[in-house]
Visitor: 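The structure under discussion is supplied below as structure tokens; questions concerning it will follow.
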Amino acid sequence: MSTRTVENHLSDRARDERRLGWRLAGPAFVIMILVTFYPILQAVYTSLFKYRLTDPDQREFVFLRNYGIILTDPLWWRAFGTTTLITVVTVVVELVLGFAIALAMEKVIYGRGLLRTIVLIPYSIITVVSAFSWFYAFATDTGFVDPLLNKLSFGLFPADFDWFGGFWSAMVPICISEIWKTTPFMSLLLLAGLTQIDSAMEEAAVVDGATWGERLRKVILPNMKSQIMVALLFRTLDAFRIFDNIFIMTAGSHDTSSLSLVAYNQTISRTEVGLGSAVSVLLFCCVVIIAMIFVKGFRVDLAGGRK
Amino acid sequence: MRPRRTRALKPLLGGCLLALAVSGLTGCGGDAGGTDTLTWFINPDGGGASPTGGGQAQLAAECSEASGGAYTIQVEQLPNEATDQREQLVRRLAANDSGVDIMSLDPVVVPEFAEAGYLVDVPEQYIEDFTDDRVQGSLDASQWNDTFVAAPFWANTQLLWYRKSVAAEAGLDMTKPVTFEQIIEAAQATDTDFAVQARRYEGYTVLINALVAGAGGSIVQNEGASAEDTQLGLDTPEGKRAAEIIQELAGSGAVGPALSSMNETNALNMFQDEETSGFMLNWLYVYAAMKENDLSFLDDIAWTTYPRVDADKPAAPPFGGIELGVNTASRNKDKAWQAISCITSAEHQKEYMLGTGNAASRSSVFDDPQIQEQFPMADVFRESLNQAVQRPRTSYYGDLSTAVQRTWSPPEQVDPNRTPAESTELIMKVLRGEALL
């Protein structure tokens with residue numbers, strides 16, 4: 001009897017908490033649905049039509065044909081390959097660089113605030129602006145990169161190398177601008193992880209005579225695994241949607257198109273909104289799959305330290 | 001962490017919604033009553049948005065003044081490149097944006113916009129005014145299905161700009177028509193550059209179209225046909241000849257270090273480099289630009305009509321410029337046409353030509369002594385405008401142009417035996433909506 005009352009009491013409380021939770025989160029939830037679900041559903045619906053904005057009378061229901069066209073088009077797969085390449089390269093480099101910067105930011109004692117501010121500057125710059133800066137830096141007429149490399153290599157490197165004239169060479173400025181801009185984000189997330197590590201553990205490892213490498217591998221990395229995975233997840237999702245740099249630098253020539261650029265070209269330039277929506281839906285699916293791989297495959301706990 | 005974030009976000013969100021609401025009101029509302037404000041979307045010109053800069057903004061101010069209070073023209077600037085201008089206009093027009101009254105249109109978008117019902121036909125009473133004394137290229141560009149849907153404003157074409165000293169050194173007689181191959185050889189012999197546009201953008205289509213037309217062909221053989229019935233003229237001897245020229249250009253070593261990045265501005269920069277400048281294909285504006293830059297060798301620069309593809313066939317200079325159209329969704333169509341009539345008057349076209357270097361569509365303007373003095377190439381230019389060949393006139397021009405650019409890029413990989421056929425296949429697939437771009 002008594003246990004039952006306790007249970008009832010507890011579930012009452014739980015119900016109240018749940019109700020409060022809904023009341024607090026409800027408005028945000030409704031807005032989320034309005035601003036995210038509506039466009040997604042609209043895109044899914046539009047993607048089932050052959051629909052050209054400048055020719056609305058010819059709108060025709062084609063069911064999944066747009067998806068068939070896209071998935072059998074070599075352009076989609078080339079863009080998929082390019083996007084994956086950029087994602088992997090930039091995220092790996094950013095992880096290493098970001099970790100090094102995070103370590104420095106944690107260890108530095110004097111001018112810590114200044115250092116953190118300086119590190120954040122690239123991240124605060126608008127992507128288009130950063131893309132333009134790097135574009136001009138690598139351009140053959142206004143750029144300083146070519147003359148600099150030419151000087152440093154004592155003339156071995158051509159003084160007017162056309163970076164944007166080929167796939168692999170264009171990947172260099174595209175990836176560099178992406179890495180330059182988003183490494184600070186990575187290092188901030190990693191810094192949050194670093195500061196959460198109990199310093200007693202590190203001190204104990206020092207007392208036990210562990211070298212710096214051993215401490216890094218056995219103490220620091222295992223203890224911040226979840227933060228690393230969260231950082232990787234965020235950056236991978238972000239990098240997979242890369243658009244600005246490519247749009248500015250090559251506009252997709254030499255097969256440098258990313259999936260976002262393909263979606264843009266169909267929807268905005270060609271006004272083929274049906275086909276474009278289908279590309280966007282597929283891009284969305286890719287992003288969901290990546291997130292699922294991270295969350296399920298690597299067991300990333302998005303709630304972080306709330307365990 | 002959580003509760004704090006929510007609290008911090010709420011005012012932020014409110015602010016965003018407010019900002020959206022406010023910008024929405026000013027963006028789409030337009031003027032409700034009182035004096036009629038006409039919004040004219042202009043392509044950027046030398047005058048910018050300044051009412052005294054000599055550009056479209058100045059014409060807008062002068063015509064507003066001349067209307068005696070009937071209307072005030074407000075200008076909005078479109079992006080720099082033709083493709084981006086089209087994108088922005090399409091977005092607005094497709095949304096029936098009544099905040100667009102008059103539009104500065106690139107000739108290639110006229111068929112597309114007319115077919116989509118975005119353009120009002122020119123009213124009967126203005127047709128005589130808008131067709132009188134105009135160069136042929138402008139008249140062609142202002143019609144769709146034999147109906148005038150826009151008013152010719154200014155007209156452009158490319159000339160072959162060259163340095164007299166370089167031509168003399170190469171022994172090239174520029175008083176006679178020259179061919180692309182002759183120029184390539186001359187540039188090679190003198191170790192100078194032949195600046196053309198071959199970046200993956202509209203300017204590259206301009207070049208390819210001029211080459212196909214110069215070889216006696218045309219990219220679209222039945223203009224005005226539906227997407228499925230379109231007949232392309234690329235996989236033909238003329239299309240292959242055009243590909244041959246691109247191949248020769250790309251392999252010549254005389255087109256600068258970055259042929260696949262060249263647009264009009266790069267070409268002009270290259271041509272202004274004293275050590276390597278030799279030849280350049282470019283629009284009229286470059287003359288005013290070079291003058292403004294106080295180019296040290298301005299006296300050495302000369303011009304002639306566009307080069308020939310084959311010595312025995314006439315050249316096909318590209319046609320550009322701007323036509324003025326009125327938006328179907330505009331609430332002030334009558335006044336918009338009145339304003340266009342004012343903007344395109346002979347006097348204003350002359351003023352615009354002097355102010356920006358953009359040439360008139362009225363033939364008689366070129367005879368004006370002031371124009372003759374400031375534009376020593378006026379006669380050659382008018383001749384070129386009357387010879388000019390339009391880019392393919394189809395409502396699918398954007399797709400067609402992008403497909404051409406994609407299959408012909410990078411220029412280094414153009415192969416006469418492969419590229420025209422591949423190009424044809426892709427364009428047809430794109431027109432049928434069966435391929436991505």
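In what follows, chains are A, B, ... by sequence order, proteins preceding strands, each numbered from 1. Heavy atoms only: backbone and side chains are in, while hydrogens, waters and symmetry mates are out.
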Visitor: So which heavy atom on A:D73 is nearest to which on B:A435, and how close?
Guide: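 So the two residues come closest at OD2-CA, 3.4 Å.
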Visitor: Should we count CZ of A:F185 as having more than 12 external heavy atoms under 6.0 Å?
Guide: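 Counting neighbours around CZ of A:F185, more than 12 heavy atoms of other residues, nucleotides or ligands fall under 6.0 Å, so yes.
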Visitor: So does A:I126 have more than 12 non-hydrogen atoms from other groups sitting under 6.0 Å from CD1?
Guide: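 Counting other residues, nucleotides and ligands, CD1 of A:I126 stays at 12 neighbours or fewer.
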Visitor: Compute whether any side-chain donor of one residue and acceptor of the other, for B:E87 and A:S269, lie under 3.5 angstrom apart.
Guide: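 Result is yes, a qualifying pair exists.
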Visitor: Please report the C-alpha distance between B:L437 and A:Q266 in whole Å, then the side-chain angles of each, then the deciding distance to 0.1 Å, and finally whether the side-chain contact (heavy atoms from CB on, under 4.5 Å) criterion is met.
Guide: CA-CA 7 Å; B:L437 265 180; A:Q266 315 313 314; 4.3 Å; yes
Visitor: Given A:R65 and B:E434, is the salt bridge (charged side-chain N to carboxylate O under 4.0 Å, His left out) satisfied, shown in steps?
Guide: CA-CA 9 Å; A:R65 193 167 147 249; B:E434 288 167 3; 3.7 Å; yes
Visitor: What part of A:D160 gets closer than 4.5 Å to chain B, counting heavy atoms only: side chain, backbone, both or neither?
Guide: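 Interface part for A:D160: both.
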Visitor: Is there a side-chain contact between B:N266 and A:D141 in this structure, where contact means two heavy atoms from C-beta onward sitting under 4.5 Å apart?
Guide: yes
Visitor: Calculate, to the nearest 0.5 Å, the distance between atoms CG and CD belonging to B:D399 and A:E272 respectively.
Guide: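 So the CG of B:D399 and the CD of A:E272 are separated by 6.0 Å.
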Visitor: Find the distance between CG (A:D55) and CD (B:E112) and round it off to the nearest 0.5 Å.
Guide: 10.0 Å
Visitor: Report the distance from atom CZ of B:F113 to atom OG1 of A:T54, rounding to the nearest 0.5 Å.
Guide: 9.0 Å
Visitor: Could you tell me if the side chain of A:R270 sits less than 4.5 Å from the side chain of B:V430, heavy atoms only?
Guide: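 Yes. Closest side-chain heavy atoms under 4.5 Å.
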Visitor: Should the heavy atoms of other residues, nucleotides or ligands under 6.0 Å from CD of B:E228 be counted, would the total exceed 12?
Guide: yes
Visitor: For A:G165 and B:S260, work out which heavy atoms get closest and say how close.
Guide: CA-OG, 3.6 Å
Visitor: Using every non-hydrogen atom in the two residues, find where B:P257 and A:D162 come nearest and quote the distance to one decimal.
Guide: O-CB, 3.8 Å
Visitor: Could you report the tightest heavy-atom contact between B:R199 and A:I248, atom names first, then the distance?
Guide: NH2-O, 4.3 Å
Visitor: Are there residues of residues 403-414 of chain B that reach to under 4.5 Å of chain A by heavy atoms, and which ones?
Guide: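 Heavy-atom contacts from residues 403-414 of chain B to chain A are B:R406, B:P410.
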Visitor: Walk me through whether A:V279 and B:L436 qualify under side-chain contact (heavy atoms from CB on, under 4.5 Å).
Guide: CA-CA 9 Å; A:V279 176; B:L436 297 171; 3.9 Å; yes
Visitor: Can you tell me how far CE of A:M249 sits from OG of B:S261, rounded to the nearest 0.5 angstrom?
Guide: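 The distance works out to 12.0 Å.
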Visitor: Can you tell me how far apart CZ (A:R52) and OH (B:Y396) are? Round to the nearest 0.5 Å.
Guide: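 Separation between the atoms: 6.0 Å.
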Visitor: As an exercise, state the distance from OG1 of B:T83 to CD1 of A:I268, rounded to the nearest 0.5 Å.
Guide: 14.0 Å
Visitor: Would the distance check show the side chain of B:R200 and the main-chain N or O of A:T250 forming a donor-acceptor pair, the cut-off being under 3.5 Å?
Guide: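 No.
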Visitor: If you tally heavy-atom pairs under 4.5 Å against chain B, which of A:L261, A:I70, A:V262, A:T72 wins?
Guide: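 Most pairs with chain B among the choices: A:I70.
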Visitor: Name the member of B:G433, B:G398, B:S395, B:G117 that forms the most heavy-atom pairs with chain A at distances under 4.5 Å.
Guide: B:G433
